**Q** 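Mind looking over this structure? Questions follow.
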Amino acid sequence: MGAPSSDGDATCSPTQRSASTCGDDDKRGINNAQAWANVTGDLHFWLVQNAGYTQGPSPIATPEFVRNFTDQFNVRVRGSLKDRFVNGYAGWPTSSAWGPGQPIKVIAGEYAAFADFWRDWPESEARRLGDLAIAAGADGYLDGGTVAVP
């Protein structure tokens, strides 16, 4: 399997490089949920990488980016990453290497490092996004934050 791209998740076949192309039409009949089911028994964490805010003229993440960023960690947002791994939305697996019925921990992995380095993004923005991710339901953060990780 090829490595997923930024803002992507499980790949389904060698010719499909990101989740956006991973559908039910794979020749082997593997969809995104099945691709995850094939690997979650060996995984404890998923480090989510986000991009998309670094192309604008401002070093501050837009309100739209912040909403989309935090929604992915909110178990109550239908179709979010947490909804998929915790509630099994769209057939995604709800178990992991932690054990049956113990979902993968969804970590806000990289969301500011690129902008911090290449665009001199304020460190306060990285910490703000990390704190917002935890408030929304992320299981941890890597690019900065000030609140305790659950």
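The first residue of the sequence shown is numbered 1, and numbering continues consecutively from there. If you're wondering where the values come from, they're calculated on a predicted model, not measured in any experiment.
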**Q** Look only at the side chain of Trp46 and the backbone of Val106, and say whether a donor-acceptor pair between them is shorter than 3.5 Å.
**A**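 Answer holds: no.
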**Q** Verify the cluster assignment for Val77 and Val48: are they in a single hydrophobic cluster under the rule of side-chain heavy atoms below 4.5 Å apart?
**A**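 No.
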**Q** Could you report the tightest heavy-atom contact between Phe73 and Ile107, atom names first, then the distance?
**A**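 Looking at all heavy atoms of both residues, the shortest contact is CE2-C, 4.2 Å.
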**Q** Any heavy-atom pair between the side chains of Leu43 and Ser96 that's under 4.5 Å?
**A**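 The answer is no, as the side chains (C-beta and beyond) never meet within the 4.5 Å cut-off.
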**Q** Mind listing the side-chain donor-acceptor pairs of residues 126-136 below 3.5 Å, one per line with the distance, residues two or more places apart or on another chain?
**A**
from	atom 1	to	atom 2	distance (Å)
Arg128	NE	Glu125	OE1	3.4
Arg128	NE	Glu125	OE2	3.0
Arg128	NH2	Glu125	OE1	2.9
Asp131	OD1	Thr146	N	2.5
Asp131	OD1	Thr146	OG1	3.3
Asp131	OD1	Val147	N	3.1
Asp131	OD2	Thr146	OG1	2.5

**Q** On a heavy-atom basis, which atom in Pro150 and which in Ala138 lie closest, and how many Å separate them?
**A**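 Between these two residues, the closest heavy atoms are CG-O, 3.8 Å.
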**Q** Nearest 0.5 angstrom please: Asp42 CG to Ile104 CD1, how far?
**A**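 Here the interatomic distance stands at 10.0 Å.
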**Q** Roughly how far, to the nearest 0.5 Å, is the CH2 atom of Trp36 from the CG atom of Asn31?
**A**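 One gets 13.5 Å once the value is rounded to the nearest 0.5 Å.
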**Q** Ring-plane angle category for Phe69 and Phe65, please: parallel below 30°, perpendicular beyond 60°, tilted otherwise.
**A**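 Because their plane-to-plane angle is under 30°, the rings of Phe69 and Phe65 count as parallel.
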**Q** Any pair with a residue in residues 68-85 that passes side chain to side chain donor-acceptor pair (under 3.5 Å), sequence neighbours left out, goes on the list, sorted by first then second residue, please.
**A**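 Residue pairs passing side chain to side chain donor-acceptor pair (under 3.5 Å), neighbours aside: Asn50-Gln72, Lys82-Asp139, Asp83-Asn87.
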**Q** Hey, does the side chain of Thr94 reach the backbone of Val86 with a donor-acceptor pair shorter than 3.5 angstrom?
**A**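 No; zero donor-acceptor contacts below 3.5 Å.
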**Q** Any idea which heavy atoms bring Pro103 and Phe85 closest together, and the distance?
**A**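 Scanning both residues, the minimum pair turns out to be CB-O, 3.2 Å.
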